Student: 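Here's a structure for you.
What you are looking at is a predicted structure, and each value in this text was computed from that prediction instead of being measured.
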Amino acid sequence: TMALCLKQVFNKDKTFRPRKKFEPGTQRFELYKKAQASLKSGLDLKAVVQLPPGESINDWIAVHVVDFFNRINLIYGTMSEYCTERSCPIMSGGLKYEYRWQDDSKYKKPTKLSAPQYMCMLMDWIEMLINNEDIFPTRIGVPFPKQFQQVCTKILTRLFRVFVHVYIHHFDSIINMGAEAHVNTCYKHFYYFIREFSLIDHRELEPLVRIPQGWGR
């Protein structure tokens with residue numbers, strides 16, 4: 001039903017960036033299939049995110065970072081017509097939180113951007129990282145770099161801000177599109193995953209402490 005609901009609610013043409021695929025036959029692909037099967041089985045999401053026995057934590061994190069990138073990419077791509085320079089001149093999460101963009105190339109200092117500009121920079125930056133074999137190695141026997149989990153923390157922290165912005169500024173649009181259940185499930189899955197492996201500083205989670213309704217920490 002989730003796949004059907006996805007097709008109805010989300011327009012695949014609006015994916016913000018091309019989806020990153022896992023190569024069939026690789027360990028990562030097998031892990032991805034295992035994770036997807038658990039999700040579809042209707043298991044409790046807290047159980048779904050736990051590291052399967054005998055699997056490498058870095059492989060498990062890599063699979064989820066790519067999968068969350070794909071899913072959040074799709075959610076934002078579908079919402080993007082409601083998120084414009086005019087509606088969202090600042091990348092924010094309500095009045096209290098403003099997110100500035102910084103990277104190692106064009107923006108060396110934290111810079112104010114509109115939400116659409118921020119999202120564009122973010123998706124480009126994540127895509128560059130997950131396609132970099134030195135950071136996300138896909139060949140068997142090639143080790144992950146020492147800073148791998150730090151990089152993933154940075155990616156996931158920034159992806160979390162997409163949820164913050166979408167929930168706080170575009171929740172009416174989510175409801176009008178009939179996408180609320182899917183976005184909530186995706187957020188819950190993401191939330192339990194980052195909590196399971198302590199991948200995001202708890203202070204970053206504050207903007208969504210009371211959202212979505214009906215479940216808390």
Student: Can a donor-acceptor pair be found, under 3.5 Å and without considering hydrogens, that links the side chain of Thr153 to the backbone of Leu199?
Tutor: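 Yes.
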
Student: Once you round to the nearest 0.5 Å, how far does CE of Met91 lie from CD of Glu98?
Tutor: 10.5 Å

Student: Please lay out, stage by stage, how Val164 and Ile168 fare under the test side-chain contact (heavy atoms from CB on, under 4.5 Å).
Tutor: CA-CA 6 Å; Val164 173; Ile168 291 174; 3.9 Å; yes

Student: Side-chain contact test, heavy atoms from C-beta onward, threshold under 4.5 Å: evaluate it for Asn131 versus Phe136 and give yes or no.
Tutor: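 Side-chain contact under 4.5 Å: no.
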
Student: When you compare the side chain of Glu206 with that of Tyr97, does any pair of heavy atoms fall below 4.5 Å?
Tutor: yes

Student: For residues Pro137 and Pro143, report the shortest heavy-atom separation together with the two atoms involved.
Tutor: CG-O, 3.5 Å

Student: Looking at every heavy atom in both Phe160 and Ile200, which two are closest together, and how far apart are they?
Tutor: CB-CD1, 4.0 Å

Student: Do His182 and Ile174 have side-chain heavy atoms sitting under 4.5 Å apart?
Tutor: no

Student: Give me the atom names and distance for the closest heavy-atom approach of Ser56 to Leu51.
Tutor: O-CD1, 3.8 Å

Student: Would you say the side-chain atoms of Asn132 pair up with the backbone N or O of Met128, donor to acceptor, closer than 3.5 Å?
Tutor: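 Flag not set: sc Asn132 to bb Met128 has no pair under 3.5 Å.
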
Student: Return the set of residues passing salt bridge (Lys or Arg N to Asp or Glu O under 4.0 Å) with Glu204 (not counting sequence neighbours), or none when no residue passes.
Tutor: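 Glu204 satisfies salt bridge (Lys or Arg N to Asp or Glu O under 4.0 Å) with Arg161 only.
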
Student: Could you point out which residue of Asn73, Leu156, Leu159 forms a side chain to side chain contact (heavy atoms under 4.5 Å, CB included) with Ile126?
Tutor: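 The residue from Asn73, Leu156, Leu159 that satisfies side chain to side chain contact (heavy atoms under 4.5 Å, CB included) with Ile126 turns out to be Leu159.
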
Student: Side chains of His189 and Phe68, heavy atoms from C-beta outward: is any pair under 4.5 Å?
Tutor: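 Yes - at least one pair of side-chain heavy atoms lies under 4.5 Å apart.
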
Student: Between Asn58 and Trp60, is there a side-chain donor-acceptor contact under 3.5 Å, judged purely by atom types and distance?
Tutor: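 Short answer, no.
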
Student: Counting C-beta onward and ignoring hydrogens, is there a side-chain heavy-atom pair between Asp103 and Trp101 closer than 4.5 Å?
Tutor: yes

Student: Determine whether Val162 and Ile75 satisfy the following criterion, side-chain contact (heavy atoms from CB on, under 4.5 Å), listing intermediate values before the conclusion.
Tutor: CA-CA 9 Å; Val162 180; Ile75 288 171; 6.0 Å; no

Student: Apply the test side chain to side chain donor-acceptor pair (under 3.5 Å) to residues Tyr167 and Asn184: give CA-CA distance (whole Å), side-chain angles for both, the deciding distance (0.1 Å), then the verdict.
Tutor: CA-CA 9 Å; Tyr167 268 122; Asn184 282 354; 2.5 Å; yes

Student: Show which side-chain atoms of residues 105-113 pair as donor or acceptor with protein atoms under 3.5 Å away, not counting sequence neighbours.
Tutor:
unit_1, atom_1, unit_2, atom_2, d
Lys108, NZ, Asp104, O, 2.9
Lys108, NZ, Ser105, O, 3.1
Thr111, OG1, Lys109, O, 2.7

Student: Report yes if the side chains of Leu122 and Tyr118 come closer than 4.5 Å at any heavy-atom pair, otherwise no.
Tutor: yes

Student: Output the distance between atom CG (Leu205) and atom OG1 (Thr157), rounded to the nearest 0.5 Å.
Tutor: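 Rounded to the nearest 0.5 Å, the CG-OG1 separation comes out at 8.5 Å.
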
Student: Kindly indicate whether the side chain of Met79, heavy atoms from C-beta on, has any atom under 4.5 Å from the side chain of Ser173.
Tutor: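 Touching, per the 4.5 Å side-chain cut-off.
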
Student: So if you build clusters from Ile, Leu, Val, Met, Phe, Trp, Tyr with side-chain heavy-atom gaps below 4.5 Å, do Ile90 and Tyr99 land together?
Tutor: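 Each belongs to a different hydrophobic cluster.
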
Student: Would you check if the distance from the ring center of Phe193 to the ring center of His64 is below 6.0 Å?
Tutor: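 Ring centroids of Phe193 and His64 are less than 6.0 Å from each other.
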
Student: Could you tell me whether the side chain of Val166 reaches within less than 4.5 Å of the side chain of Ile72, counting heavy atoms only?
Tutor: no

Student: side-chain contact (heavy atoms from CB on, under 4.5 Å) for Arg195 and Tyr192? Distances and angles first, verdict last.
Tutor: CA-CA 5 Å; Arg195 294 286 294 208; Tyr192 287 138; 5.5 Å; no

Student: ring-ring contact (aromatic ring centres under 6.0 Å, His included) with His169: which residues, sequence neighbours excluded?
Tutor: His165

Student: With sequence neighbours left out, what residues match Phe163 under ring-ring contact (aromatic ring centres under 6.0 Å, His included)?
Tutor: Tyr187, Phe190

Student: Using atom types as modelled and distance alone, determine if a side-chain donor or acceptor of Ser114 lies under 3.5 Å from a backbone N or O of Gln117.
Tutor: yes

Student: With sequence neighbours excluded, give me every salt bridge (charged side-chain N to carboxylate O under 4.0 Å, His left out) pair touching residues 146-155.
Tutor: none

Student: What verdict does the side-chain contact (heavy atoms from CB on, under 4.5 Å) test give for Ile57 and Phe197, after you've listed the backbone C-alpha separation in whole Å, the side-chain angles of each residue and the deciding distance to 0.1 Å?
Tutor: CA-CA 9 Å; Ile57 186 165; Phe197 301 104; 3.6 Å; yes

Student: For the atom pair CD (Glu81) and OG (Ser87), what is the distance rounded to the nearest 0.5 Å?
Tutor: 11.0 Å

Student: Quick one: salt bridge (Lys or Arg N to Asp or Glu O under 4.0 Å) partners of Asp201, sequence neighbours excluded?
Tutor: Arg203

Student: Do Asp67 side-chain atoms and Val63 backbone N/O form a donor-acceptor pair below 3.5 Å?
Tutor: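 Looks like no, no N/O pair under 3.5 Å.
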
